[in-house]
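Written below as structure tokens is the structure these notes are about.
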There are 2 protein chains.
Amino acid sequence: MTDTHAPTSALDQMLCFEIYSTEHAFGRLYKDLLQPLGLTYPQFLVMILLWEQDGRSISGIGAALGLESNTLTPLVKRLEAAGFVTRSRDKQDERRVLVSLTETGDAMRHQVGHIRACVTRATGMTEQELLDLFSNLRKLRKAVAAA
Amino acid sequence: MTDTHAPTSALDQMLCFEIYSTEHAFGRLYKDLLQPLGLTYPQFLVMILLWEQDGRSISGIGAALGLESNTLTPLVKRLEAAGFVTRSRDKQDERRVLVSLTETGDAMRHQVGHIRACVTRATGMTEQELLDLFSNLRKLRKAVAAA
DNA sequence: TGCGATTTAATCGTGTGCGATTTATTTTGC
DNA sequence: GCAAAATAAATCGCACACGATTAAATCGCA
């Protein structure tokens with residue numbers, strides 16, 4: 001990974017690029033960590049939601065992740081093809097597709113502990129630093145999303 | 001845009017998701033701002049580099065952005081097709097492809113001022129807050145990239 | 001000098017993201 | 001009760017990102 005980054009003169013450009021770039025850095029880190037499980041990072045996010053509450057609808061997952069059916073439908077189909085979830089129509093509302101964990105998918109929750117530890121370690125930051133950064137990013141995201 | 005985000009319990013997961021999500025928020029903001037110019041955000045980054053120093057190689061651009069030829073080659077070809085740049089082999093080293101601004105591409109530098117202003121305004125943060133956030137993200141990115 | 005190693009782009013396949021549209025289902029307004 | 005509006009997924013097309021591979025040019029070193 002290079003250390004030479006866009007020498008832009010203005011702060012707004014620098015900050016956007018830094019976020020863009022940090023996102024890629026996390027993506028590469030997660031790719032290596034999730035490879036053994038057969039998951040991508042967006043797929044991992046969906047699994048986290050299902051481990052927390054199973055049987056969510058596509059739109060429910062989308063609301064939580066900020067994604068829409070055009071992204072989630074094929075993603076969930078790949079999770080289904082991999083044998084981690086099943087998809088079924090909601091009996092109460094046939095428009096909805098409910099995503100449920102298979103036994104295999106449910107059992108994976110026990111394998112992610114060390115991934116979390118690796119990520120935390122990789123940040124090299126204290127809990128307080130992580131909390132501050134999280135809080136500032138949250139504020140920034142909300143402002144940008146509202147614009 | 002929703003405000004309900006993944007209620008993960010752990011800090012590492014929350015922070016990664018916040019970066020993932022903030023990156024998307026900026027992506028959507030830039031999409032609207034860059035649409036009139038006919039540029040995507042990654043294409044805009046390449047243009048910024050060329051406005052600063054014209055005639056860079058694919059690998060030079062890649063080193064600055066943390067991308068490789070498999071991403072940049074088609075991206076630059078799209079910039080060429082749009083009439084913003086030209087591509088030519090380096091006479092000194094025929095392996096290299098040099099990317100140069102066309103008159104149209106060069107003239108676009110004068111149209112981006114208001115985009116920068118919009119982005120800065122959209123962050124809703126003071127210069128000092130932006131500086132601090134930038135600095136913390138930079139530290140985080142370096143740590144994660146090194147892991 | 002010459003040949004193997006390295007560097008540089010390009011190419012291919014897979015997986016997101018998202019705008020726009022389509023289809024099926026449910027809700028609503030009258 | 002029924003047509004119109006709204007909602008939920010799915011589909012299509014385009015543009016990144018990246019791992020893996022390939023082809024061409026250059027370099028390094030005996």
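In the text below, chain A, chain B and the rest are named by the order of the sequence lines, each starting its count at 1. Just so you know, these numbers use all the heavy atoms, side chains as well, and skip hydrogens, waters and symmetry mates.
- Applying the salt bridge (Lys or Arg N to Asp or Glu O under 4.0 Å) test to B:K139 and every residue at least two apart in sequence or in another chain returns A:E129.
- The backbone N or O of A:T120 lies less than 3.5 Å from a partner atom in the side chain of A:T123, making a donor-acceptor pair.
- In this structure, B:E94 has no salt bridge (Lys or Arg N to Asp or Glu O under 4.0 Å) partners at least two apart in sequence or on a different chain.
- Legend: residues meeting ring pair (Phe, Tyr, Trp, His ring centres under 6.0 Å) with A:F134, ordered by chain and number and at least two apart, are absent.
- Distance, B:E94 CD to D:dA24 P: 13 Å, rounded to whole Å.
- Contacts between chain A and DNA chain C, taken as any atom within less than 4.0 angstrom of a protein heavy atom, begin and end at C:dG15 to C:dT26.
- Distances shorter than 4.0 Å separate none of the side-chain N or O atoms of A:Y20 from OP1 or OP2 on D:dC16.
- In this structure, the CG atom of B:L65 is 15 Å from the C1' atom of D:dC18, given to the nearest Å.
- Remark: A:R87 pairs with A:E80 by the salt bridge (Lys or Arg N to Asp or Glu O under 4.0 Å) rule, at least two apart or across chains.
- Formation of a donor-acceptor pair under 3.5 Å by the A:R28 side chain with backbone atoms of B:A145 is not found in this model.
- Residues A:R141 and B:T22 bring no donor and acceptor atom of their side chains to less than 3.5 Å of each other.
- For A:R95, the side chain to side chain contact (heavy atoms under 4.5 Å, CB included) partners two or more places apart in sequence, or in a different chain, are A:D93.
- Proximity of a side-chain donor or acceptor of A:Q43 to a complementary backbone N or O of A:T40 within less than 3.5 Å is detected.
- Scanning for salt bridge (Lys or Arg N to Asp or Glu O under 4.0 Å) contacts around A:D32 gives an empty result, with sequence neighbours left out.
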task = Sugar-phosphate atoms are those with a prime plus P, OP1 and OP2; base atoms are the rest. Using that split, label each nucleotide of nucleotides 1-13 of chain D B, S or - for protein heavy atoms under 4.0 Å, 5' to 3'.
result = ------BSBBBB-

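- Contacts of A:Q128 classified as side chain to side chain contact (heavy atoms under 4.5 Å, CB included), with partners at least two apart in sequence or in another chain: A:T126, A:L131, A:D132.
- Listed by residue number, B:T40, B:P42, B:Q43 are the residues of residues 34-43 of chain B with a heavy-atom contact under 4.0 Å to DNA chain D.
- Here D:dA17 presents its C1' atom at 7 Å from NZ of A:K31, a figure rounded to the nearest Å.
- Pairs of Watson-Crick or G-U wobble type, with distances under 3.5 Å, assemble into runs of 3 or more in DNA chain D at these ranges: C:1-30 with D:1-30.
- The distance between the ring centers of A:Y20 and B:F26 does not fall below 6.0 angstrom.
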Give every donor-acceptor pair under 3.5 Å between a side-chain atom in residues 97-104 of chain A and any protein atom, sequence neighbours left out.
from	atom 1	to	atom 2	distance (Å)
A:T102	OG1	A:G83	O	2.7
A:T102	OG1	A:F84	O	3.2
A:T102	OG1	A:T104	N	3.4
A:T102	OG1	A:G105	N	3.0

